[in-house]
Enquirer: 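I have a structure here, written as structure tokens, and I will follow up with some questions on it.
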Amino acid sequence: MNRTRQILKKSAAAVLCASLILSGSSTAFAAGSYQETEKAALNKLTDGIPETWDTYLENYKKSAAGSKSNMTLKVEDTGRALIGALMGGTDVSWLQSISLDSNISIKDGVEAIVSSVLLNDNKLCDFNVYMDLANMMEYIQIPELSDSYMKAPVSSDSEENSEEAQQFLNTYMTTLSDLTSVLPDSKTLSTLLDRYGNIIIDSFEEGSSVEESVSVDGISEECTAYEGIISEKSAYTIVEKVLTTAKDDEEIKALFDQWSDDASNEENQYKDFQNLITDALDDMNRDDEGSTENEAFSSKVWVNGDGKIVGRQFGIDTTPVFTWKAPSEGEDSALLLELAADDSSFTFTGSGKTADGLLNGDYILAVNGTETVDINVENLETKPAKAGYYNGTFNISFPAAETDSSDSEAGESTEDDTDTSATDMLAGFGAVIKLTSDADADTSTLDLTVTTSGAALATLSITGSYGEGVEIPDFASLD
């Protein structure tokens, strides 16, 4: 029973963390307590959902109707020399680039990809793929080799694949072909977030309220820290309220209607959903007997003088498991993100300066307290002209791990030596990620360059944009 409570407590904590992070991390408002702070942030989130979500759905529909993609791998001089050495001195000076140009459409249960393969900017062949998701068949053609299509099932027909597994795969693939058929509309999403977010927030007890300084990398802000606390018993109450509300939630029932083409099938699925909730509530009632009023989960927010959240922290059994802090002073800003579990931790921290909407700074990713990745940010747009269309550069390097000289001299091997060996293998290597976007033309490019000792080995460029789409053939004519 104790193990069940621990699982429930950690599961509830994970849900609470996710919901409160989602509710807002840097929204400005006026509040005077923990609950007021979280409710104001949640209101800001739900108010902004319709525009953001509707834009996402519209962009997805445009992308599914037709999109273009270009992937090019350009091999640099140092890369060719390395490849040649690995191949026993083979001359690969002729190798410049390999490209794949594709037009893609997903419509009417069919995914269509019409591609051209190029070597050194010269076309080698076309490669056409049509996936009939309704019948789980795939049609492949290389026109330069044959006018006919190869036909193959998307999944194996072996006895190992049960009918249920095949049906699941069919449903999964069909869903991918039209996500809008299963995703809720913006009004439903806002309603559900508001309803269950408030259930969670209302369950917190007010903790301390103190003046504290949020400081990261030498940059600090004076803030008011509000704390909310949930006891072990309250964690059960939250889950119980959420499940009880969800059991007869009209918006959730409407989603089941949306997900099913067959009325009787939808009714069965919804009843199964309700039965699962009933069973879960029965199990909770049995396990709740040993729950206590001891603190199980805590949440803390730091609000600056402008009424803006600049920090969050979540803890389980008084131990912090997630910390986010983002203080700023004029053009200078800092960031701390930390995840901790048992004896492991991941920390991302650093600072930068923003001028004319462009961020320049240096950041570090540490694993278990050991510096693992260094990231230099150059001219990153903080507020792009259109959501998702960023411009900027990330320079990534892998520092050599520091080891204890006394252990090395003694010839002793430690766990830290094992952990740092992987880091040492990457020392000297680096990567440059460059984002280039044109919001007016709806195009985005990502260039990933791998380097060694500062010299470029190869660059992978991926460019995406909307396109006219691909004409879907009559599959009967392809058999």
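Since the structure is predicted, the reported quantities are computational estimates derived from the model, not experimental observations.
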Enquirer: Under 6.0 Å between ring centres, would you say that holds for Phe314 and Phe322?
Expert: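 Centroid distance Phe314-Phe322: below 6.0 Å, so yes.
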Enquirer: Please find the pair of heavy atoms, one from Gly467 and one from Lys68, that lie closest to each other, and give the distance.
Expert: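 Taking Gly467 first and Lys68 second, the nearest heavy atoms are CA-CG, 3.8 Å.
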Enquirer: With a 4.0 Å cut-off on N to O distance, would you call Glu221 and Lys325 a salt bridge?
Expert: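 No, this pair does not count.
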Enquirer: How many angstroms lie between CG in Asp47 and OG in Ser190, if you round to the nearest 0.5 Å?
Expert: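 That separation rounds to 8.0 Å.
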Enquirer: Please check if the number of heavy atoms outside Glu251 that lie under 6.0 Å from its CD is greater than 12.
Expert: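 Yes, CD of Glu251 has more than 12 neighbouring heavy atoms, counting only those of other groups under 6.0 Å.
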Enquirer: Partners of Asn70 by side-chain hydrogen bond (donor to acceptor under 3.5 Å, both in side chains), sequence neighbours excluded?
Expert: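 Testing Asn70 for side-chain hydrogen bond (donor to acceptor under 3.5 Å, both in side chains), a comparison that skips the adjacent residues, returns Thr72, Asp101.
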Enquirer: Verify the distance criterion only: is there a donor paired with an acceptor across the side chains of Thr354 and Glu331 at less than 3.5 Å?
Expert: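 Distance-only check fails for Thr354 and Glu331.
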Enquirer: Atom CD1 in Ile49, atom OG1 in Thr52: separation rounded to 0.5 Å?
Expert: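 Atom-to-atom, Ile49:CD1 and Thr52:OG1 are 6.0 Å apart.
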Enquirer: Could you work out, with side-chain contact (heavy atoms from CB on, under 4.5 Å) as the rule, every residue matching Leu73, not counting sequence neighbours?
Expert: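 For Leu73 the side-chain contact (heavy atoms from CB on, under 4.5 Å) partners, ignoring immediate neighbours, are Ala458, Leu460.
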Enquirer: To the nearest 0.5 Å, what is the distance between OG on Ser220 and CD on Glu329?
Expert: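 Going from OG on Ser220 over to CD on Glu329, the span is 5.0 Å.
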Enquirer: Could you report the tightest heavy-atom contact between Phe204 and Ser299, atom names first, then the distance?
Expert: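 The answer is CE2-CB, 3.8 Å.
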Enquirer: Does the side chain of Asp194 pick up a donor-acceptor pair with the side chain of Asn198 at under 3.5 Å?
Expert: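 On atom types as modelled, these side chains qualify, holding a pair under 3.5 Å.
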Enquirer: What I want to check is whether the side chains of Tyr389 and Asp440 have a donor and an acceptor closer together than 3.5 Å.
Expert: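 No donor-acceptor contact under 3.5 Å links the two side chains.
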Enquirer: Taking all non-hydrogen atoms of both residues into account, name the closest pair between Ser344 and Asn368 and its distance.
Expert: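 So the two residues come closest at CA-OD1, 3.1 Å.
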Enquirer: In terms of side-chain heavy atoms, does Gln313 have a donor or acceptor partner in Trp324 at a distance below 3.5 Å?
Expert: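 Not at all, the side chains of Gln313 and Trp324 share no donor-acceptor pair under 3.5 Å.
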Enquirer: How would you list, by chain and number, every residue that makes a ring-ring contact (aromatic ring centres under 6.0 Å, His included) with Tyr363, sequence neighbours excluded?
Expert: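 With sequence neighbours excluded, Tyr363 shows a ring-ring contact (aromatic ring centres under 6.0 Å, His included) to Phe348, given in chain and number order.
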Enquirer: Could you list the residues that satisfy side-chain hydrogen bond (donor to acceptor under 3.5 Å, both in side chains) with Lys353, not counting sequence neighbours?
Expert: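 Here the qualifying residues are Asp332.
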Enquirer: Sequence neighbours excluded, which residues qualify as side-chain hydrogen bond (donor to acceptor under 3.5 Å, both in side chains) partners of Thr278?
Expert: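 Checked Thr278 against side-chain hydrogen bond (donor to acceptor under 3.5 Å, both in side chains); matches are Lys247.
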Enquirer: With distance as the sole test, does Asp132 use its side chain to make a donor-acceptor pair with the main-chain N or O of Met136 at under 3.5 Å?
Expert: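 No; zero donor-acceptor contacts below 3.5 Å.
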Enquirer: Regarding Tyr236 and Glu232, do their side chains bring together a donor and an acceptor under 3.5 Å, going by distance alone?
Expert: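 No, because no side-chain N or O of Tyr236 sits under 3.5 Å from a partner of the opposite role on Glu232.
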Enquirer: Would you list the pairs meeting salt bridge (Lys or Arg N to Asp or Glu O under 4.0 Å) in which at least one residue belongs to residues 377-387, sequence neighbours left out?
Expert: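 Pairs touching residues 377-387 that pass the test: Lys386-Asp442.
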Enquirer: Would you call Asp202 and Lys241 a salt bridge, taking side-chain N to carboxylate O under 4.0 Å as the test?
Expert: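 Between Lys241 and Asp202 there is no salt bridge, as every charged N stays at least 4.0 Å from the carboxylate O atoms.
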Enquirer: Please work out which of the three classes, parallel, tilted or perpendicular, describes the rings of Tyr270 and Phe256, given edges at 30° and 60°.
Expert: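 Rings of Phe256 and Tyr270: perpendicular, as their planes differ by over 60°.
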